[in-house]
There are 2 protein chains.
Amino acid sequence: MALNRADVVEAALAILDQYGIADLTMRRLAERLGVQAGALYWHMPNKQSLLAAVSDVIVGQVQLPRDDPDWRAWLPDWAGRLRSTLLRHRDAAELVSTTRATGLGGLDWLAAPRRRLEEAGVPEGEAADAVQVLAHFVLGQVYEEQTRAQLAELGVSAPPDPEHSERQFGFGVRIIIAGLAQSLRIGG
Amino acid sequence: MALNRADVVEAALAILDQYGIADLTMRRLAERLGVQAGALYWHMPNKQSLLAAVSDVIVGQVQLPRDDPDWRAWLPDWAGRLRSTLLRHRDAAELVSTTRATGLGGLDWLAAPRRRLEEAGVPEGEAADAVQVLAHFVLGQVYEEQTRAQLAELGVSAPPDPEHSERQFGFGVRIIIAGLAQSLRIGG
DNA sequence: ACCTGAACACCGTTCAAGT
DNA sequence: ACCTGAACACCGTTCAAGT
């Protein structure tokens, strides 16, 4: 059977998970699919689009928290889910960061937290900015976690303490939520 | 005269500023220095180290704010200086982010803000975490600013509104400072 | 000590030609 | 419609050999 776009993206994600972003090359991907490298360009315009598609799949896996009347509980929950989804895929934070920066991703995965803040009475623009702050923190934090974990795998550095990462993450999220609560001066 | 490490790093920074990180290749760098690519490996162990060295030069250019009895004024000042230093060099946010994640940078450029918080009475560990939150935000924000600016240069997207970036940055910094002030419950 | 020349093992992308 | 084969223009890195 002939290949389709979804097959290509799925195989790319599998390579990412197993070998990391450095080994996610068009040639390796083609090999895994039993096809020549050039064939991939029938399904994708270029590598950037492929990476964006993989990024979309990953952030699409973030499950939204149940409704909670308190946005100060809902938002940390969401941030935690984003983090654990990223941690499930190798180099995911790096991939999602670059995709976000280039604006090539086709999924507006910050829409949900943005809407949650707007429901709480935060004006549109501020809700967008607020979610951006949180997203930058989560991506930056997980990026570092994932890089350090891989360096440890190579024996370059000591393995990172998972509890420390957890604490650091919680601390950052709390700070941002507290700052939001004060700056936006809103209720539940 | 024979080349030295400093010459190599300086030339690398010049290429970064002019052409961006994608064009900062060992071969182009060698060409600019009038030398064969292999010669660079006499001065640097590999490309990663070169990038880390360039990153060190950039973050080393951040000038510290004058002493201010109020850390709530000092820290935003520092964040603003970090941002403008990054904006002066093409792709600097991306470069510094990856260097930070890999831990290859030789410069502890977060030491100053960390110390400033400790002087204000924040316990060591919390000061480090707090500065980390701020750093992740600045890097993430500028990363996006720089990528969008380059996309606009290529005519791919509309040029970003500098006032919007400014406002968004100020908003994020304010949120984080407010959150810190509340979570750490410290004085001037 | 510092660099050349040349190679090795790769990349992403294009495109005429095949089926 | 979908893929092959082969090329183009690159990469980072190594290393014997030169000066």
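Letters go in sequence order (proteins before strands), and every chain restarts at 1. Keep in mind that what you see is a predicted model, and the values were worked out from it rather than measured.
Between the side chain of B/E144 and the main chain of A/G103, no donor-acceptor pair closer than 3.5 Å is present. The backbone N or O of A/Q18 sits less than 3.5 Å from a side-chain atom of A/R90, completing a donor-acceptor pair. At least one donor-acceptor pair closer than 3.5 Å links the side chain of B/T102 to the backbone N or O of B/T99.
With sequence neighbours excluded, no residue satisfies side-chain hydrogen bond (donor to acceptor under 3.5 Å, both in side chains) with B/D23. In terms of the salt bridge (charged side-chain N to carboxylate O under 4.0 Å, His left out) criterion, A/D161 has no residue partners (sequence neighbours excluded). Taking the side-chain hydrogen bond (donor to acceptor under 3.5 Å, both in side chains) definition, one finds that B/S49 meets it with B/N46, sequence neighbours left out.
Close to D/dT14, at under 4.0 Å from its OP1 or OP2, lies no side-chain N or O of B/Y41.
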All N/O contacts under 3.5 Å from nucleotides 4-10 of chain D to the protein, with atom names and distances to one decimal?
residue	atom	partner	partner atom	Å
D/dT4	OP2	A/Q36	N	2.7

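Under the 4.0 Å criterion applied to side-chain N and carboxylate O atoms, A/R32 and A/E10 are not assigned as salt-bridge partners. A salt bridge is absent between A/R116 and A/D68: the closest approach of a Lys/Arg side-chain nitrogen to an acidic carboxylate oxygen does not fall below 4.0 angstrom.
Separating the CZ atom of B/R28 from the P atom of D/dG12 is a distance of 11 Å, rounded to the nearest angstrom. For the pair A/M1 CE and D/dC2 C1', the interatomic distance rounds to 11 Å; values are reported in whole Å. One atom, CG of B/L33, and another, P of C/dC2, lie 15 Å apart when rounded to the nearest Å. The separation between B/D23 atom CG and C/dG12 atom P is 17 Å, rounded to whole Å.
Between B/L82 atom CG and B/D77 atom CG the span is 11.5 Å, to the nearest 0.5 Å. Atom-to-atom distance recorded for B/L51:CG and B/T98:OG1 is 6.5 Å, nearest 0.5 angstrom.
When the C1' atom is used for both D/dC8 and C/dC10, the distance is 15 Å, rounded to whole Å.
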Q) Step by step, would you call A/Q141 with A/Q168 a side-chain hydrogen bond (donor to acceptor under 3.5 Å, both in side chains)? A) CA-CA 9 Å; A/Q141 182 73 25; A/Q168 206 172 11; 3.3 Å; yes
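Remark: DNA chain C takes part in the stems C:4-8 with D:12-16, C:12-16 with D:4-8, each of 3 or more antiparallel Watson-Crick or G-U pairs, criterion distances under 3.5 Å.
Sorted by residue number, the members of residues 42-54 of chain B with any non-hydrogen atom under 4.0 Å from DNA chain C read B/W42, B/H43.
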